[in-house]
Amino acid sequence: MFFLLLSVQSLTTVMLLWVFRFLNLIKYREFSAQEGRLWMPIVVFLVAMIYSGSQALKHLSIPVYTIFKNLTIILIAYGEVLWFGGDVTMMMLVSFILITLSSTIAGWSDVQNAVSNLVSTESLASTGALRGYMWMFANCMSSAAFVLYMRKRIKLTNFKDFDTVYYNNLLSIPLLLVPSLVLEDWSSHNLLVNFPPDERAIRLGAMVFSGAATFFMSYSSAWCVRTTSSTTYSMVGSLNKLPIAVSGIIFFGDPATLANISAITIGFIAGIVYSIAKSVQKATPTQVTPTDQSKLEKA
């Protein structure tokens, strides 16, 4: 029950915010209906991003999914140019290409299968890959819209990090709970299958624990988008898979093949190139044109 899990995660995050504020550990602004209406498109993009991603993974392999997610970084980078001004340097493009190349090498066999399915019309229809690519396209667009529009609203409303976490999770509860009640099977038999008596407490506890993890993920995401950029946030999201791959080889016995080592190495190089590109971009004085100035004022 996918939507139910997401609802519990959002509800747990909101409850943690209430508890922490009651203990005077954090502060965030009270909910405003007017700000909620303006923030609602962000939550819609967030829910669409999560749902379309889960649907795409039903028909596409994880390596192919990862490649498209990495290509979305380029879409976000040029979206920032249109909305906030600035430019995409050659070094940044090189880093985007490298991170995409890294994921391509890591899942080369899956990429070959995906290409063969695209060439064969019968395979494309029979395997459901076409539906997967349609969901993947929706995921790429909603992902870019989510991070770009959230950054714009943060700038316009001067939202702090806990404000962003509060609005994202509070507004997402009805958007997740209603589809759960309408689309998911709430019969006693299905509930018994998903929550068997001997494991019910453990599974419910795991859902609440995942909600606590969502709290920290939401906060870190809000902080990253506010203090850096949408592109950097997306790039970090791609790079954070590299330590997982390394730990898999070191601690869990994953095969250290030439492809895996090459993919990890290229991925780390992509991160270094991107860091250098951002440092050079900040150090280089840029002349703001009237067009860029109007973009900044609108943002």
Under 4.5 Å between side-chain heavy atoms, hopping through other hydrophobics if needed: is there a path connecting Val14 to Ile26?
-> yes
So, for Ser7 and Ile173, which heavy atoms are closest and what is the spacing to 0.1 Å?
-> OG-O, 4.4 Å
Give a yes or no answer on whether the side chain of Ser180 reaches the backbone of Phe3 with a donor-acceptor pair at less than 3.5 Å.
-> no
May I ask you to decide if Arg226's main-chain N or O and Arg151's side chain share a donor-acceptor pair within less than 3.5 Å?
-> no
If you look at every heavy atom in Val8 and Val208, which pair is closest and at what distance?
-> CG1-N, 4.4 Å
Please check if the side chain of Asp185 supplies one atom and the backbone of Ser187 the other of a donor-acceptor pair under 3.5 Å.
-> yes
Is it the case that more than 12 heavy atoms not belonging to Met15 sit under 6.0 Å from its CE atom?
-> no
Member of Tyr167, Phe162, Tyr166 meeting the ring pair (Phe, Tyr, Trp, His ring centres under 6.0 Å) criterion with Tyr28 = Tyr166
Within the side chain of Ser95, is there an N or O that forms a donor-acceptor pair under 3.5 Å with the backbone of Gly271?
-> no
Flag the pair Phe215 / Phe20 as yes when their ring centroid distance falls below 6.0 Å, and as no otherwise.
-> yes
Any donor and acceptor pair, going by atom type alone, linking the side chain of Asn190 with main-chain N or O of Trp186 inside 3.5 Å?
-> no
So which of Ile76, Asn70, Ile74 actually passes side-chain contact (heavy atoms from CB on, under 4.5 Å) with Thr72?
-> Ile76
Is the Lys NZ or Arg CZ of Arg153 less than 6.0 Å from the centre of Phe159's six-membered ring, within 45° of the axis?
-> no
When every non-hydrogen atom of Tyr233 is compared with those of Cys224, the smallest separation belongs to CA-SG, 3.7 Å
May I have the step-by-step check of salt bridge (charged side-chain N to carboxylate O under 4.0 Å, His left out) for Arg21 and Glu30, ending in yes or no?
-> CA-CA 11 Å; Arg21 187 173 69 170; Glu30 294 290 342; 3.0 Å; yes
Closest contact, heavy atoms only, Phe96 versus Ala77 = CE1-CB, 3.8 Å
Between Ser10 and Ser172: side-chain donor-acceptor atoms closer than 3.5 Å = yes
Over 12 non-hydrogen atoms of neighbours within 6.0 angstrom of CE in Met134 = no
Given Phe68 and Phe137, is the ring-ring contact (aromatic ring centres under 6.0 Å, His included) satisfied, shown in steps?
-> CA-CA 8 Å; Phe68 279 100; Phe137 176 77; 9.7 Å; no
Closest heavy-atom pair and its distance - Leu171, Leu175 = O-CG, 3.9 Å
Heavy-atom donor-acceptor pair, Asn139 side chain to Met136 backbone, under 3.5 Å | no
Is the closest side-chain donor-acceptor distance between Ser229 and Thr232 under 3.5 Å?
-> yes
Taking all heavy atoms of Gly211 and all of Thr13, pick out the closest pair and write down the distance.
-> O-OG1, 3.3 Å
